[in-house]
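Comments concern the structure below.
Chain A is the first sequence line, chain B the second, and so forth, proteins listed ahead of strands; every chain is numbered from 1. Quick caveat, the model's predicted, so the values are computed rather than measured.
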Protein chains: 2
Amino acid sequence: MSTLDVRRRQILEAIIHCHTLTAQPVGSRVIAKRYNLGLSAATIRNAMADLEEMGYVMQPHTSAGRVPTELGYRFYVDSLMEVGILSEAEKIKIRLSYDDVRREFEYLMEQTSRILSTISHYVGVVMSPGLQTRVLKHFEIFQVSEDKLLAVLVVEPGVIRNRVLEKEETLTGEDLAKINNALKARFVGRSLIELQNLVDSPEQMRSMFDQQIFQEVSSLVRDALDVTYDPEIYLQGRSNIFSQPEFEDLRRMEAILDILEKKEQLSHLLDFSPGMEMGVYVRIGSEINCEAMEQCSVISAAYQWNQRPFGIIGVIGPTRMEYPRIVSIVDYTAKVMSQMLQNRLV
Amino acid sequence: MSTLDVRRRQILEAIIHCHTLTAQPVGSRVIAKRYNLGLSAATIRNAMADLEEMGYVMQPHTSAGRVPTELGYRFYVDSLMEVGILSEAEKIKIRLSYDDVRREFEYLMEQTSRILSTISHYVGVVMSPGLQTRVLKHFEIFQVSEDKLLAVLVVEPGVIRNRVLEKEETLTGEDLAKINNALKARFVGRSLIELQNLVDSPEQMRSMFDQQIFQEVSSLVRDALDVTYDPEIYLQGRSNIFSQPEFEDLRRMEAILDILEKKEQLSHLLDFSPGMEMGVYVRIGSEINCEAMEQCSVISAAYQWNQRPFGIIGVIGPTRMEYPRIVSIVDYTAKVMSQMLQNRLV
DNA sequence: ATTTAGCACTCTTAAAGCGAGAGTGCTAAG
DNA sequence: CTTAGCACTCTCGCTTTAAGAGTGCTAAAT
């Protein structure tokens, strides 16, 4: 009784399958008729009572059919479902959506979120990594007007940040060229956090630069490096939420949409703890740890760059979603995106 | 009769004022009681019948109060309302929200859309200009890996685009430096569309560069300039739509949210025809020219850079919105954003 | 001549009542 | 152990009903 025998597994699977299609409680008759398990409705009813006792399904009210619980979905995802295989057509569709990889990294992210939402019919999310640990590839300060400079930082696989700086009156074009060369030579190739620490320590700075340059460099560079390191997030398919009958409740919708507008909340949503291992992660309902999202599931995977996990992509949908299909979509898309990122640079 | 006398104006104003507060049809009794016009309900009823005949108000059904029509709002906006004056506190709140102007231009846009939505309680939008007519300020191609180059374009007030290029095996570091210098000298200071045309014409290119360099430059540069020129759009406050009782209908909500996700549609929404004059524009209901938005109004204004209209900001809300307040918010925010942009560069 | 009070009428909305239908659990027979 | 049968429960959609809000019209008042 404690573990599920074949029959109960089949019935649980049938309930989940049917419920994902209809969003309605599933009755014993339906299962008896539509799924040829060779059992009568009464037998199925008994099994369903067992499943309920074990916590895999529940009844919204006494005389309704069964609805899968979070535990039910969890068991289904872990032990029951077979990860669907994407059709070749769908794979091609995903690959072809990346029409122009050479554009900005932001475009790659936006495009990916669009793909995820279009073919999943749920909400697609893409998150870039925080920039702290990334390596500076190129650095340049140049003059854009009489009293303003623009610092441009190019970070590892083509992410760009920029920042406006006040120009000291005394600073000549030659000084600037000197500073630029000095900085390029010493800063490029190090991670941003490393540089940040370096800039904050006067001793290190002094040892790196000529006494003469040091004065001007010091505060200028500190400002130049003071860009956003936060991850960026791209999201598409918000209107898909409306197709889901379980979100008829306006308040719930509002709460969800509200979360989806807040960067921090969203990054918590995607940023799962297990050290960004590769593979697809499924979090169901309260596992997401966010009150407004208790009716949702998040399926996410890391995309990689240089064989290492980089950022995260994901699909947000109702707990009732078609896990096999979405898992395979997220999996494949993460792989293709990794490829695109790799082709793009390196 | 054809033009409105004072009394009818007052009553129309009262109807609109009351309706923006309650979202309900407004009856004659309410006006008689709450607005001290010194008139009885019956008199007001007569005036209301006149207003209805003239098309400024309508009844949802025979025995309901009056609701303003588009024409009514139009008249109100054009001739009745006094543009509210923002409180000093609100002004300060707006100005303080720009905590760090020196960050990327994108950040300025995002921040502005956030401000608009937070203090208007509707949807806030910010659109950047298309890049076609803008001037290239800085241009640099550099090597990021064995076989890849990265082209970075800095456009006028600090917008940045980048693009990945394939490196010809034969291209040496010296060649690249030469090309860079040649391009900087000849390209910086021209508008992107000008450059695009220039690159597409072999004769012009040939006349600009040494025969020796020309071969390598030609295709490389064409690729480098092939970035997105489309405007970018930032949007905040989607969840505010839910607070509006007129959008209880899920289908309508879905349609609106759907539009708000599509860049092109959104840019049409904001991009009003009258040649981007300064000042605040109000479009009401069907004036927006978008079926899903017939219950909405768009209030927009251009923000400027170097005394010239640059991009557009706006607020999207129900037709029932508090026009005086929102108009002044949009107006003031556009001005502050222009200042920020100006402080940022130039 | 305009304004106002009074009144009959209309239409919406919320609550209540009702019946059909779906699904269950239990029991007894296969 | 499985299945047929049956009584029971609960939801959902429908109609009915009553209350309330607001109007338009008419006749009196200013």
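Looking at Arg29(B), its side chain has no donor and acceptor atom pair within 3.5 Å of the base of dG22(D).
The side-chain heavy atoms of Leu269(A) and Arg283(A), taken from C-beta on, include no pair separated by under 4.5 Å. Side-chain contact between Leu260(B) and Ile241(B) is present, with heavy atoms from C-beta onward closer than 4.5 Å.
Per the geometry, CZ belonging to Arg7(A) stands 10 Å off P belonging to dC1(D), to the nearest Å. Across the protein-nucleic acid pair, Gln24(B) atom CD and dA21(D) atom P stand 12 Å apart, rounded to whole Å. Ile44(A) places its CD1 atom 10 Å from the P atom of dT24(C), with the value rounded to the nearest Å. Atom CD in Glu53(A) sits roughly 16 Å away from atom P in dT24(C) (whole-Å rounding). Atom C1' of nucleotide dG23(C) and atom CE of Met48(A) are separated by 9 Å, given to the nearest angstrom. If you measure from atom CG of Asn46(B) to atom P of dT26(D), you get 12 Å, rounded to the nearest angstrom. Remark: P of dT30(D) and CG of Leu39(B) are 17 Å apart, rounded to the nearest angstrom. Regarding Ile31(A), its CD1 atom lies at a distance of 9 Å from the P atom of dT24(C), rounded to whole Å.
Taking the six-membered ring for Trp and thresholds of 30 and 60 degrees, Tyr35(A) and His17(A) have ring planes more than 60 degrees apart, a perpendicular arrangement.
The side chain of Gln59(A) lies closest to dG25(C) when the candidates are dT3(D), dT3(C), dG25(C).
Using a 3.5 Å distance cut-off with no hydrogens or angles, the side chains of Thr20(A) and Tyr323(A) do not pair a donor with an acceptor. Glu322(A) and Tyr122(A) form a side-chain donor-acceptor contact under 3.5 Å, judged by distance and modelled atom types alone.
Enclosure of atom CD1 in Ile85(B) is not indicated, since only 12 or fewer non-hydrogen atoms of other residues, nucleotides or ligands lie within 6.0 angstrom.
For Asp249(A), there are no salt bridge (Lys or Arg N to Asp or Glu O under 4.0 Å) partners, not counting sequence neighbours.
An OP1 or OP2 oxygen of dT27(C) is reached within less than 4.0 angstrom by no side-chain nitrogen or oxygen of Arg45(A).
Residues from residues 60-71 of chain B with heavy atoms under 4.0 angstrom of DNA chain C, sorted by number: His61(B), Thr62(B), Ser63(B).
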